[in-house]
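Quick note: residue numbers are just sequence positions, from 1. Start at 1 and go down the list; that is how both ligands and their atoms are numbered.
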Amino acid sequence: MKKSILDFTKDELADIVKPSFRSKQLYHWIYQKYANSYEEMKNIPKDIREDLSENYILNPLEIVKIEESLDGSKKYLFKLHDGYTMESVLLPMKNKKIDEDGKIISLTKYSICVSSQVGCKIGCAFCLTAKEGFKRNLTSGEIVAQVLEIKKDNDIAQNRRVNIVYMGMGEPLDNMTNLVKAIEIFKDEEGLAIGARRQTISTSGLSSQIEKLGKMDLGVLLAISLHAVDDELREKLMPINKAYNIDSVISAVKNFPIDARKRVMFEYLVMKDLNDGLKSAKKLVKLLHGIKAKVNLIYFNPYPNSPFQRPDEKDMLEFKEYLNTHGVICTIRQSKGLDISAACGQLKEKIDNDYS
Ligand code: SAH
Ligand code: SF4
């Protein structure tokens with residue numbers, strides 16, 4: 001299969017196109033001017049353009065379907081070159097503010113939720129992505145293209161920064177090499193210029209990989225999908241806990257370098273009668289002792305035939321209150337895109353909706 005030009009860092013491109021300043025020009029065309037073909041890149045000599053177009057795909061993704069939610073989020077179904085499909089979601093986080101005279105005070109802020117694999121090997125009991133098994137890792141270019149295509153499709157100007165959350169399909173730390181390269185490509189000032197602090201990696205808790213990522217000291221933010229406070233329940237929900245138990249995850253987090261102004265996010269998926277009680281909240285406070293943490297409570301998002309239930313609002317609020325009054329910052333995540341199955345854990349790679 002042909003490689004994509006998006007698979008390369010600027011330094012790597014410098015080995016492909018000579019002299020080296022051409023890699024800068026290429027980056028400008030691709031990531032800042034949103035070029036759709038090599039022909040457009042007029043300041044690059046024709047023979048180089050022809051060579052590139054013969055050897056490297058400019059866009060590795062094809063948009064197959066876009067669904068828009070009532071809350072403004074948009075789910076993209078992308079087709080890959082080998083026919084597999086995967087999804088990404090555009091999430092408007094804060095809406096545009098306009099003053100009384102109609103002047104724009106601040107523009108909409110966006111997060112883009114990207115996938116890292118087609119399917120997932122981890123097999124969490126509550127997750128729809130897991131149901132389809134694992135197909136393959138995404139290449140760096142396929143990860144990068146999700147953001148690029150979504151920015152283009154929504155006319156989000158090159159200099160408008162977006163946040164990236166690696167919370168789509170797949171386990172990012174199970175595709176570490178391609179992930180790290182994608183982070184580098186995103187960061188490039190000549191490219192999309194999305195700094196590491198705007199990139200959050202969500203992981204089911206592969207402790208050894210968290211340690212490895214920490215040692216690279218990239219400056220990225222970390223989110224841990226914890227979901228349970230004792231190993232017995234966590235093992236049932238997330239089989240990965242057999243290999244990496246709660247203690248090992250907590251100790252990996254303690255070793256992870258975090259910007260002094262930032263916190264590690266702990267995601268806690270709340271399921272009715274399973275982990276929604278104050279006993280769990282108490283244990284969670286103990287577990288997080290000594291960590292600069294922030295807890296995000298997530299309502300379980302049901303799908304047809306899912307074995308778990310959404311918790312009661314009252315229990316969610318009590319849980320949150322307990323954490324907040326015991327020194328742990330906690331918020332309840334307002335899931336976006338529920339009506340189009342774009343919310344957490346609802347992404348899957350099939351085109352036909354056999355779950356809905
Ligand atoms: N594999 C990574 C990132 C993708 S999952 C991880 O597990 O962290 C992104 C988030 O969605 C995780 O916190 C995951 O636990 C959560 N999630 C999965 N299924 C869900 C569901 N049915 N309802 C709500 N959140 C879910
Ligand atoms: Fe994979 Fe994350 Fe889903 Fe678990 S929750 S199966 S790790 S995508």
Side-chain angles (χ1 to χ4, degrees), residues 73 75 86-89 91 111-138 143 146 164-176 179 182 199-207 209-210 213 220-228 233-244 249 252-253 264-272 274-276 294-311 316 331-349 355-356:
S73 52
K75 180 167 79 166
M86 51 93 186
E87 295 176 321
S88 328
V89 187
L91 302 151
S111 279
I112 299 179
C113 175
V114 302
S115 293
S116 53
Q117 299 178 316
V118 183
C120 185
K121 285 182 210 157
I122 309 293
C124 301
F126 45 77
C127 174
L128 194 50
T129 298
K131 304 275 173 271
E132 311 259 336
F134 173 75
K135 299 298 187 324
R136 72 167 171 85
N137 281 331
L138 294 184
I143 296 174
Q146 295 172 57
I164 297 175
V165 290
Y166 296 89
M167 291 186 187
M169 291 165 55
E171 167 51 53
L173 297 189
D174 186 32
N175 183 15
M176 191 90 148
L179 171 81
Q199 303 188 46
T200 303
I201 295 170
S202 175
T203 174
S204 55
L206 279 67
S207 311
Q209 298 294 82
I210 297 172
L213 184 74
V220 285
L221 305 183
L222 190 63
I224 304 286
S225 293
L226 192 65
H227 309 330
L233 176 62
R234 196 163 190 270
E235 252 173 44
K236 279 192 198 135
L237 298 174
M238 309 173 75
I240 189 75
N241 198 74
K242 290 186 189 122
Y244 301 107
V249 177
V253 169
V264 174
M265 194 212 285
F266 284 84
E267 293 159 282
Y268 190 88
L269 179 57
V270 189
M271 290 161 269
K272 194 173 163 65
L274 261 190
N275 60 356
D276 56 352
K294 173 173 81 185
V295 172
N296 218 215
L297 298 181
I298 312 169
Y299 278 95
F300 170 69
N301 290 324
Y303 46 88
N305 301 323
S306 59
F308 307 106
Q309 276 158 34
R310 229 171 142 74
M316 281 293 256
T331 51
I332 296 176
R333 182 184 294 168
Q334 296 307 334
S335 264
K336 291 192 179 266
L338 262 178
D339 53 338
I340 53 166
S341 289
C344 296
Q346 296 190 313
L347 301 186
K348 59 194 190 68
E349 70 263 31
Y355 286 98
S356 55

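At least one side-chain heavy atom of Met238 sits less than 4.5 Å from a side-chain heavy atom of Phe126. The shortest side-chain heavy-atom distance between Gln146 and Met86 falls under the 4.5 Å cut-off. Side-chain contact between Phe308 and Leu237: present, with at least one pair of heavy atoms (C-beta onward) separated by less than 4.5 Å. Residues Leu213 and Met176 form a side-chain contact, since some pair of their non-hydrogen atoms from C-beta on lies under 4.5 Å apart.
Not a single heavy atom of Ser306 lies less than 4.0 angstrom from ligand 1. Ligand 1 is approached by His227 to a heavy-atom distance shorter than 4.0 Å. Proximity of Gly170 to ligand 1 is established by a heavy-atom distance of less than 4.0 Å. For Phe308, the closest heavy-atom approach to ligand 1 does not fall below 4.0 Å. At least one heavy atom of Gly170 sits less than 4.0 Å from an atom of ligand 2.
The N/O atoms of Phe126, backbone and side chain alike, include one that comes under 3.5 Å of an N/O atom in ligand 1. At least one N or O atom of Asn301, backbone or side chain, sits closer than 3.5 Å to an N or O atom of ligand 1.
Heavy-atom proximity to Tyr299, at under 4.0 Å, picks out these atoms of ligand 1: 24 (C). When each atom of ligand 1 is checked for a heavy atom of Gly168 under 4.0 Å away, the hits are 4 (C). Per-residue contacts place Ala130 under 4.0 angstrom from the following atoms of ligand 2 (heavy atoms of the residue considered): 6 (S). Near Tyr166, with a cut-off below 4.0 Å to any heavy atom, the atoms of ligand 1 are 3 (C). Those atoms of ligand 2 with a heavy atom of Ser204 less than 4.0 angstrom away are 7 (S). Listed by number with element, the atoms of ligand 1 under 4.0 angstrom from any heavy atom of Ser225 are 6 (C), 7 (O), 8 (O), 12 (C), 13 (O), 15 (O). Listed by number with element, the atoms of ligand 2 under 4.0 angstrom from any heavy atom of Gly123 are 6 (S).
Residue Cys120 counts as close to atom 1 (Fe) of ligand 2, with an N, O or S atom under 2.8 Å. For atom 4 (Fe) of ligand 2, the N/O/S atoms of Cys124 include one lying under 2.8 Å.
Expressed to the nearest 0.5 Å, how far NZ of Lys75 lies from OG of Ser88 amounts to 11.0 Å. We find the CZ-CD distance between Arg136 and Gln117 to be 11.0 Å, quoted to the nearest 0.5 Å. Of the inter-residue distances, the one linking Leu173 atom CG with Tyr166 atom OH reads 11.0 Å to the nearest 0.5 angstrom.
Here the closest non-hydrogen pair linking Ile143 and Ser115 is CG1-O, 4.0 Å.
Contacts with ligand 1 closer than 4.0 Å are made by backbone heavy atoms (N, CA, C, O) of Thr203 only, the side chain lying farther away. Proximity of Glu171 to ligand 1, defined as any heavy-atom pair under 4.0 Å, is shared by backbone and side chain alike.
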### Task
Begin with the C-alpha distance, continue with both residues' side-chain angles, and end with the deciding distance and a verdict on side-chain contact (heavy atoms from CB on, under 4.5 Å) for Met167 and Glu267.
CA-CA 11 Å; Met167 291 186 187; Glu267 293 159 282; 3.6 Å; yes
### Message
Apply side-chain contact (heavy atoms from CB on, under 4.5 Å) to residues Ile122 and Leu206 and explain how you reach the verdict.
### Response
CA-CA 10 Å; Ile122 309 293; Leu206 279 67; 4.1 Å; yes
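Between the side chains of Thr203 and Gln209, no donor-acceptor pair of N or O atoms lies under 3.5 Å.
The option from Ala130, Cys127, Ser202 that lies nearest to atom 3 (C) of ligand 1, judged by heavy atoms, is Ser202.
No donor-acceptor distance shorter than 3.5 angstrom exists from the side chain of Tyr299 to the backbone of Met316, with no hydrogens or angles considered.
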